[in-house]
Every structure is written in structure tokens, then in C-alpha cells.
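Index from 1, following the sequence. These figures come from a predicted structure and were not determined experimentally.
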Amino acid sequence: MPTLAAPQRLRRADPDTLHSLHGTSMGTHWRVRVSNPQFLPLQTLRSAIEDVLASVVRHMSHWQADSTLAQFNRAPADTWHALPADLSTVLHAGLHWAQASGGAFDPTVGALVAAWGFGPHAPAHPADWRPASPHAIAQAQACSGWQRLHYHPERGWRQHGGLQLDLSGIAKGYAVDAVLLRLHALGLGNALVEIGGELRGSGQRPDGQPWRVAIAPVPAAVGPAPDAPPCAIALRDCAIATSGSLYHRHQWQGRSYSHTLDPRTGAPIAHALASVTVLHAECLHADALATLLTVLGPEAGWEFAEQHGIAALLSSPTTRRCSSAWEAALEPHV
């Protein structure tokens with residue numbers, strides 16, 4: 001998957017009011033660059049950031065057995081649950097894109113992920129991994145499907161029975177938004193937040209320049225790389241997220257299997273699309289859309305982006321294609 005990093009450029013030393021913090025959460029790293037003219041103590045900022053991230057993990061992690069999500073997944077059939085507001089927000093967004101895409105994005109894909117031995121269900125040693133059997137896929141699909149996830153304003157969310165939520169394709173984006181909103185609550189409106197390669201910028205740098213990130217091209221499989229130099233993106237109050245299977249694959253009996261599953265078929269994607277990067281006002285939606293377009297593939301994904309006005313870059317080892325909205329968002333890499 002392409003990496004997102006600050007453009008390589010010569011510039012003056014950062015001003016004293018520009019502060020950087022970093023750490024780990026959600027199985028990955030996080031970084032925050034923030035303009036702090038009031039010189040709030042960095043420990044105050046760190047505590048606020050870590051509190052937000054801990055809340056997201058507590059409610060949405062499918063790795064922790066005691067998370068709110070895990071408790072919902074274990075709940076008896078035909079029971080209703082009043083879930084926390086942040087988890088409900090993510091589920092509503094997930095259902096929106098599930099319906100819009102005909103199920104290419106599905107927040108109830110947890111049983112299928114387990115059947116394929118991905119995520120927390122992966123074997124201790126990668127060499128022990130095996131593809132899911134047709135029977136295991138059928139069993140997982142029998143209790144899955146976004147249409148089975150129902151919400152009632154007064155009763156909450158219904159556990160249909162065996163429904164397994166998995167928000168790995170959207171929760172990280174929500175966490176980026178949540179961290180940024182917490183900084184705003186502290187009076188810090190100019191910041192760049194990153195969690196595991198998903199970013200959102202707000203305001204500008206102290207020197208008046210926008211927050212910028214660079215997207216590296218997908219390496220070529222054979223021969224010279226495609227004519228795709230790194231492109232610079234200015235995050236003017238928007239977010240960027242990337243999804244893909246370039247570096248997340250299993251090998252079995254001479255065949256390569258992507259970690260990205262198509263909920264509609266129950267199997268890993270098999271097309272040549274290696275990476276999708278999306279720009280959106282909120283990282284929550286950018287994250288979900290990057291996953292959705294990856295599942296749809298190079299042609300249907302591009303058409304979906306065009307139809308919905310989504311700024312998207314779709315890359316394979318030999319080609320790259322961007323939507324009209326993406327072209328409008330580009331700026332020269334200088």
C-alpha cells in the first residue's frame with residue numbers, strides 16, 4: 001500500500017509553536033502535529049489524545065474480548081442494545097456505505113474474517129494459514145450481512161443472532177476525526193492527525209501554509225514503474241485514507257490471497273487493483289470509501305467514485321487512474 005509522508009522539501013526550522021506528539025494505539029502508530037500558540041502543556045495534549053484513542057479501542061476493538069463490540073457479537077439472538085454514541089455513529093456510517101455500494105462495504109463481516117483466518121483469528125505462524133473452506137464460507141455468510149443489522153431509535157441495535165461486527169475498515173478513520181475534535185475542544189484548531197497512515201488536517205501550519213502529505217506510487221511488478229511520481233496533497237480541512245492489499249497477502253500452494261474480503265462473494269478480492277486512496281472531509285468516510293472502492297475493483301470502483309463525486313486514486317503495479325474530483329484536488333509536488 002502507498003505510504004503517506006511529509007513531502008521531501010527544504011524549509012525553515014519549525015516555529016516554537018508547532019509541536020509534535022506520537023505513540024501507539026489500535027495496533028499501529030499515531031502522530032499529531034499541532035500549532036499550539038497558547039503553549040498548553042504537552043502532557044495535557046497527550047492525555048487528551050490517548051483518552052480518545054482508549055475510548056475507541058474500548059468500544060470498537062475486535063481484538064479485545066471485553067470491548068463493547070465484542071460483547072455485542074456474543075449477545076443472544078434477537079436482543080437489543082443501546083450502544084455508545086461513537087460506536088453508533090460508526091455503524092450508521094458503515095450501513096450508509098453498505099447500502100450505497102450493494103454490500104461492497106459491510107460492517108458485519110466479522111464471521112467471514114474469522115473463517116479466512118485474518119485479523120485476530122490469524123494463526124500464530126503465517127506458514128500455518130490455510131484458505132477458508134466452502135463450508136466455512138457458507139456458514140459465515142449465513143449469519144452475516146448488513147441487512148441483518150437493525151437500528152431502532154428507542155431500542156438501539158439488534159443482534160440478529162451470530163452477527164459479528166468488524167469495524168477495521170472504518171474505526172481508524174473515526175479515531176482520527178475524534179482526536180482532531182478533542183484538540184478543537186482544547187482551542188487548537190490547526191493540527192494534522194495521523195493514525196496508521198490515515199490523516200486529517202485542520203486549519204494550517206503556523207507559517208500559513210497548508211498541511212501537506214505525499215503519496216508514493218505503487219511499485220511496479222515487472223519492469224519500470226508507471227509514470228507516477230509522488231504527488232503532494234494539501235489537506236485543507238479534509239482527510240485522506242488508503243486501503244489495499246499490496247503488502248497484506250497470504251501464499252498457499254502457489255496462489256496469493258489478499259487480506260481484503262469481498263463481503264458479496266465471501267472470498268478475497270482477486271483483481272489487479274493494489275491500492276486506493278481517498279480524500280474526504282471526514283476521515284471516517286475516507287477510510288470506509290477506500291475499503292469500498294478496493295473491493296469494487298478498478299472499473300466498478302472508478303465508476304462509483306465518479307457517480308458519487310469521490311476524490312479517489314486507484315493504483316495497480318502497472319496503471320493508476322484517478323477520479324475527476326481527485327484531479328481537482330491535486331497540487332504540484334514541489
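Here the shortest heavy-atom pairing between S101 and F304 reads CA-CE1, 4.0 Å. The nearest pair of heavy atoms linking S258 to F118 is O-CZ, 3.5 Å. For S25 against V57, the heavy-atom pair with the smallest separation is OG-CG2, 3.9 Å. Closest heavy-atom contact between G94 and P107: O-CD, 4.0 Å. Closest heavy-atom contact between A136 and A115: O-CB, 4.0 Å. Heavy atoms only, all atoms of each residue included: D237 and G203 are closest at OD1-N, 2.8 Å.
Using a 4.5 Å heavy-atom cutoff, the side chains of D177 and V193 are not in contact. In this structure, the side chains of L91 and S88 stay at 4.5 Å or more apart for every pair of heavy atoms. Using a 4.5 Å cut-off on side-chain heavy atoms (C-beta onward), S315 and V276 make no contact. The shortest side-chain heavy-atom distance between R33 and R205 falls under the 4.5 Å cut-off. A 4.5 Å side-chain heavy-atom check between H280 and L289 finds at least one atom pair inside the cut-off. K172 places a side-chain heavy atom less than 4.5 Å from the side chain of M26. Here the side chains of V32 and L192 are not in contact, with every heavy-atom distance at 4.5 Å or above. In this structure the side chain of L199 never reaches within 4.5 angstrom of the side chain of C283, judged on heavy atoms.
Separating the CD atom in Q209 from the CD atom in Q204 is a distance of 8.5 Å, to the nearest 0.5 Å. Interatomic distance, L293 CG to L273 CG, rounded to the nearest 0.5 Å: 8.5 Å. Note that OG1 of T28 and CD of E198 are 9.0 Å apart. Values are rounded to the nearest 0.5 Å. Of the inter-residue distances, the one linking I195 atom CD1 with W30 atom CH2 reads 9.0 Å to the nearest 0.5 angstrom. Rounded to the nearest 0.5 Å, atoms NE2 (H160) and CD (Q147) are 10.5 Å apart. Annotation: the span from I215 atom CD1 to S275 atom OG amounts to 8.5 Å, rounded to 0.5 Å.
Side-chain atoms of Q71 do not come within 3.5 Å of backbone N or O of A75 as any donor-acceptor pair. Counting only distance, with no hydrogens or angles, the side chain of S202 and the backbone of G189 share a donor-acceptor pair below 3.5 Å. When atom types are taken as modelled, the side chain of D287 and the backbone of G173 share a donor-acceptor pair closer than 3.5 angstrom. Formation of a donor-acceptor pair under 3.5 Å by the S67 side chain with backbone atoms of S61 is found in this model. Of the possible polar contacts, one joining the T108 side chain to the G145 backbone as a donor-acceptor pair under 3.5 Å is found. Between the side chain of T79 and the backbone N or O of P76 there is at least one donor-acceptor pair closer than 3.5 Å. The backbone N or O of G161 lies less than 3.5 Å from a partner atom in the side chain of Q159, making a donor-acceptor pair. Under the 3.5 Å distance criterion, the side-chain polar atoms of T260 are left unmatched by any main-chain donor or acceptor of I269. No donor-acceptor pair under 3.5 Å is formed between the side chain of H135 and the backbone N or O of A132. In terms of modelled atom types and a separation under 3.5 Å, the side chain of N190 and the main chain of S35 share no donor-acceptor contact.
For E154, the side chain to side chain contact (heavy atoms under 4.5 Å, CB included) partners are H152, not counting sequence neighbours.
Every pair tested for salt bridge (Lys or Arg N to Asp or Glu O under 4.0 Å) that includes a residue from residues 97-119 fails, sequence neighbours excluded, so the list is empty. Each salt bridge (Lys or Arg N to Asp or Glu O under 4.0 Å) pair with one or both residues in residues 289-300, not counting sequence neighbours, appears once here: E299-R321. Listed by first then second residue, pairs satisfying ring-ring contact (aromatic ring centres under 6.0 Å, His included) with a partner in residues 37-84 read H19-F39, F72-H81, not counting sequence neighbours. Annotation: salt bridge (Lys or Arg N to Asp or Glu O under 4.0 Å) contacts involving residues 35-57, sequence neighbours excluded, comprise R46-E50, D51-R182. Applying the salt bridge (Lys or Arg N to Asp or Glu O under 4.0 Å) test to residues at least two apart or on different chains, the pairs with a partner in residues 58-82 are D78-R158.
Only one option out of Y174, W97, W146, W157 pairs with H92 in a ring pair (Phe, Tyr, Trp, His ring centres under 6.0 Å); it is W157. Partner of L292 under the side chain to side chain contact (heavy atoms under 4.5 Å, CB included) criterion, out of T294, V295, L296: L296 alone.
Environment of CD in Q99: sparse, with no more than 12 heavy atoms of neighbouring residues, nucleotides or ligands closer than 6.0 Å.
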Check against side chain to side chain contact (heavy atoms under 4.5 Å, CB included), L87 and L167: CA-CA 10 Å; L87 180 51; L167 304 178; 3.5 Å; yes
Run the numbers on L180 and V176 for side chain to side chain contact (heavy atoms under 4.5 Å, CB included), then give the verdict. CA-CA 6 Å; L180 192 59; V176 170; 5.7 Å; no
Hey, mind stepping through L95 and L149 against side chain to side chain contact (heavy atoms under 4.5 Å, CB included) and telling me if it holds? CA-CA 8 Å; L95 287 180; L149 183 60; 4.0 Å; yes
Can you list the steps and then say if V278 with W326 is a side chain to side chain contact (heavy atoms under 4.5 Å, CB included)? CA-CA 8 Å; V278 171; W326 177 275; over 6 Å; no
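Residues S47 and Q43 bring a donor and an acceptor atom of their side chains to less than 3.5 Å of each other. E306 and S324 share a side-chain donor-acceptor pair at under 3.5 Å.
Tracing side-chain contacts under 4.5 Å through hydrophobic residues (I, L, V, M, F, W, Y), one never reaches I49 starting from L181; they form parts of separate clusters.
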